[in-house]
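What follows is a set of notes on a single structure, which appears directly below.
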Amino acid sequence: MHIHVERHQARRAALNQQLQSGLLILPTARVQNRNNDNDFPFRFDSSFYYLTGFHEPEAVLVMQLGSQPKSMLFCQPKNELREIWEGFLYGPEAAREVFGFDEAYSIEQLDGKLLELMAGNAQLYFPVGADATWDARLFKLARQAAGKVREAVETPNRFLDVRPAIDELRLFKDESEIALMREAGRISSEAHIRAMRSTRAGQFEYQVEAELLYHFMQQGARSPAYGSIVAGGPNATCLHYHENNCRLQDGQLLLIDAGCELHGYAADITRTFPVSGKFSGPQKDIYQLVLAAMEASFEQVRPGVPRLAYHDASVRTLTQGLVDLNILQGTVDGLIEQEAYKQFYMHGTGHWLGLDVHDAGRYKIAGQTRPLEAGMVLTVEPGLYFRPLLADSPASYVEVPEHFLHIGVRIEDDLLVTAEGHENFTALTPKTVAEIEAAMAR
């Protein structure tokens, strides 16, 4: 993993400045059992990693907040026998030195140390409600602490959720995060190009997925950032399709929504392209409409513009296009007010991106859409999906012309908001009809 000790220390200092007083307790993720004695590969809690850089399981960050802050790591002790079976462990002493903590202890000492630290701290910050077991454990320790001290000494009586403060810090990416996300975007773009060039009729969707995963791994990204969507033909009209087990056919479009995770940071790219290498007329009509919506959204990604403006730009462009294609009837303003477009475009145009694919950070402040600011990273992902009407479809839904049925198109890029406008981390991925057809021809 990349270890940026000074970056993590600065983040802890910034969090201390926000919270000012109290005791903070932040555990990493739990190891999750897959079956019998076989666990899923461990993936740290994103906020824990953001503040520590520490990637081993069974670890907890504790921070004494205030004018004399102190950061403490509780982690697995060195154990040569365990390391024979499970691999290297830093242990408290090395972890303190390598990761820049003030103190470090064995995880076995956590409860005893917390009882000591709770004396004199009225406020306890932790991810309230995220894990019922942790909630119960900390509430019990707080009661025990109250029973052990004199009446004049405060113990925790206010239990506050630490996540909003950490989320706001995570929303704005620093130089090291931007560098990793730029590289994750490059790797993921190349993987999509590899998938385009290798796709042939007769393959199964999972065989195309294998090309993506192979390139991720070859470039040092050990896992996808999320379950890859490789959806051929009508499967592309299912937003979160995950089976990836159907055989691809000539004449179909293939929608791929996939990105790698590099040192914890995600890329998130969607491209839609013809299995045969050439778009049909109806496929091209829909594809170019979605691409026009993306380009309209890009114009709204700059500092000071309300975040929802880029979604509104996509909605207006898509609605106008649906009218032009005689799929919807009426005025664009009236159709937008009626939300008629939602039959074909039922999701938002993007989300924050970072350590999580749907990353931390509020979308509104005091009930109002927040403006975009430099340092934010977001996705732009308009789409259109044409499914047959069902018996229980809303009465307002319209019949889809047969030549558009079973077409699903989504296009997605990852943008950093900069002082001047934006930078596209995933611009390397072919996107126009001409670029896609040329890539597949090679």
Determine the minimum heavy-atom distance between [X] and [Y], stating which atoms define it.
| X | Y | answer |
| --- | --- | --- |
| E56 | L89 | OE2-CA, 3.3 Å |
| V409 | T272 | CA-OG1, 3.8 Å |
| A184 | A267 | O-CB, 3.6 Å |
| A266 | V357 | CB-CG2, 3.9 Å |
| A191 | H215 | N-CD2, 3.6 Å |
| E209 | S228 | OE2-CB, 3.9 Å |

[X] [atom1] to [Y] [atom2] distance, which is reported to the nearest 0.5 Å:
| X | Y | atom1 | atom2 | answer |
| --- | --- | --- | --- | --- |
| L322 | L335 | CG | CG | 9.0 Å |
| I411 | I269 | CD1 | CD1 | 13.0 Å |
| I336 | Y341 | CD1 | OH | 7.5 Å |
| I229 | C238 | CD1 | SG | 8.0 Å |
| S280 | Q252 | OG | CD | 11.5 Å |
| D285 | L384 | CG | CG | 11.5 Å |

Taking side chain as C-beta onward, heavy atoms only, is [X] less than 4.5 Å from [Y]?
| X | Y | answer |
| --- | --- | --- |
| D135 | F126 | yes |
| I407 | L253 | yes |
| D102 | M72 | no |
| V305 | P371 | no |
| R30 | T133 | yes |
| H351 | D359 | no |
| E299 | Y310 | no |
| W134 | P27 | yes |

Side chain to side chain contact (heavy atoms under 4.5 Å, CB included) between T349 and E381, worked out: CA-CA 5 Å; T349 305; E381 50 179 309; 5.6 Å; no
If you draw a 6.0 Å radius around [atom1] in [X], do more than 12 non-hydrogen atoms from other residues or ligands fall strictly inside?
| X | atom1 | answer |
| --- | --- | --- |
| Q17 | CD | no |
| R197 | CZ | yes |
| Y214 | OH | no |

Less than 3.5 Å apart, any donor N or O on the side chain of [X] or [Y] sitting next to an acceptor on the other?
| X | Y | result |
| --- | --- | --- |
| N121 | Q64 | yes |
| R307 | T369 | no |
| T28 | D45 | no |
| D414 | T426 | no |
| R82 | Q76 | yes |

**Prompt:** Which residues satisfy the side chain to side chain donor-acceptor pair (under 3.5 Å) test with S47, sequence neighbours excluded?
**Reply:**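 Only R170 meet the side chain to side chain donor-acceptor pair (under 3.5 Å) criterion with S47.
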I would like to know whether I187 and L262 meet side chain to side chain contact (heavy atoms under 4.5 Å, CB included); could you show each step before the answer?
-> CA-CA 9 Å; I187 293 169; L262 182 66; 4.3 Å; yes
Per side-chain contact (heavy atoms from CB on, under 4.5 Å), V377 is matched among W352, Y265, F425, F172 by F425
Salt-bridged, [X] to [Y], with N to O below 4.0 Å?
| X | Y | result |
| --- | --- | --- |
| E412 | R271 | no |
| K431 | E435 | no |
| R96 | E103 | no |
| E190 | R186 | yes |

- Query: Given Y385 and Y345, is the ring pair (Phe, Tyr, Trp, His ring centres under 6.0 Å) satisfied, shown in steps?
  - Reply: CA-CA 7 Å; Y385 314 89; Y345 181 46; 7.4 Å; no
Extract all donor-acceptor atom pairs below 3.5 Å that involve side chains of residues 313-321 and protein atoms in other chains or at least two apart in sequence.
| residue | atom | partner | partner atom | Å |
| --- | --- | --- | --- | --- |
| S314 | OG | A293 | O | 3.4 |
| S314 | OG | S297 | OG | 2.6 |
| R316 | NH1 | D333 | OD1 | 3.0 |
| R316 | NH2 | D333 | OD1 | 2.8 |
| T317 | OG1 | A313 | O | 2.9 |
| T319 | OG1 | V315 | O | 2.7 |
| Q320 | NE2 | D324 | OD1 | 3.0 |

Do [X] side-chain atoms and [Y] backbone N/O form a donor-acceptor pair below 3.5 Å?
| X | Y | value |
| --- | --- | --- |
| N33 | N36 | yes |
| E205 | C246 | yes |
| Q249 | G202 | no |

For residues [X] and [Y], establish whether the separation of their ring centroids is below 6.0 Å.
| X | Y | result |
| --- | --- | --- |
| F279 | Y287 | yes |
| F99 | Y90 | yes |
| Y49 | F54 | no |
| F298 | H422 | yes |
| F74 | Y105 | yes |

Item to complete: Using the test salt bridge (Lys or Arg N to Asp or Glu O under 4.0 Å), find all partners of K284 that sit at least two apart in sequence or belong to another chain.
Response: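 If we apply the salt bridge (Lys or Arg N to Asp or Glu O under 4.0 Å) test to K284, skipping adjacent residues, there are no hits.
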Could you go step by step and tell me if N245 and Y206 meet the side-chain hydrogen bond (donor to acceptor under 3.5 Å, both in side chains) rule?
CA-CA 6 Å; N245 63 359; Y206 56 74; over 6 Å; no
- Task: Sort and list the pairs that fulfil salt bridge (Lys or Arg N to Asp or Glu O under 4.0 Å) and have at least one residue in residues 4-27, not counting sequence neighbours.
- Result: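 Found R7-E175, R11-D174, R11-E177.
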Contacts satisfying salt bridge (Lys or Arg N to Asp or Glu O under 4.0 Å) that involve residues 241-261 (not counting sequence neighbours) are R43-E261, D257-R410
Please identify each residue that fulfils side-chain contact (heavy atoms from CB on, under 4.5 Å) with P164, with sequence neighbours left out.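 Applying side-chain contact (heavy atoms from CB on, under 4.5 Å) to P164 gives D161.
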Q.
Using side chain to side chain contact (heavy atoms under 4.5 Å, CB included), reason through L248 and T199 one step at a time and then give a plain yes or no.
A. CA-CA 9 Å; L248 300 175; T199 294; 3.9 Å; yes
Exercise. Before giving the answer on side chain to side chain contact (heavy atoms under 4.5 Å, CB included), spell out for M63 and L26 the whole-Å C-alpha distance, their side-chain angles and the decisive distance to 0.1 Å.
Key: CA-CA 9 Å; M63 290 175 58; L26 184 65; over 6 Å; no
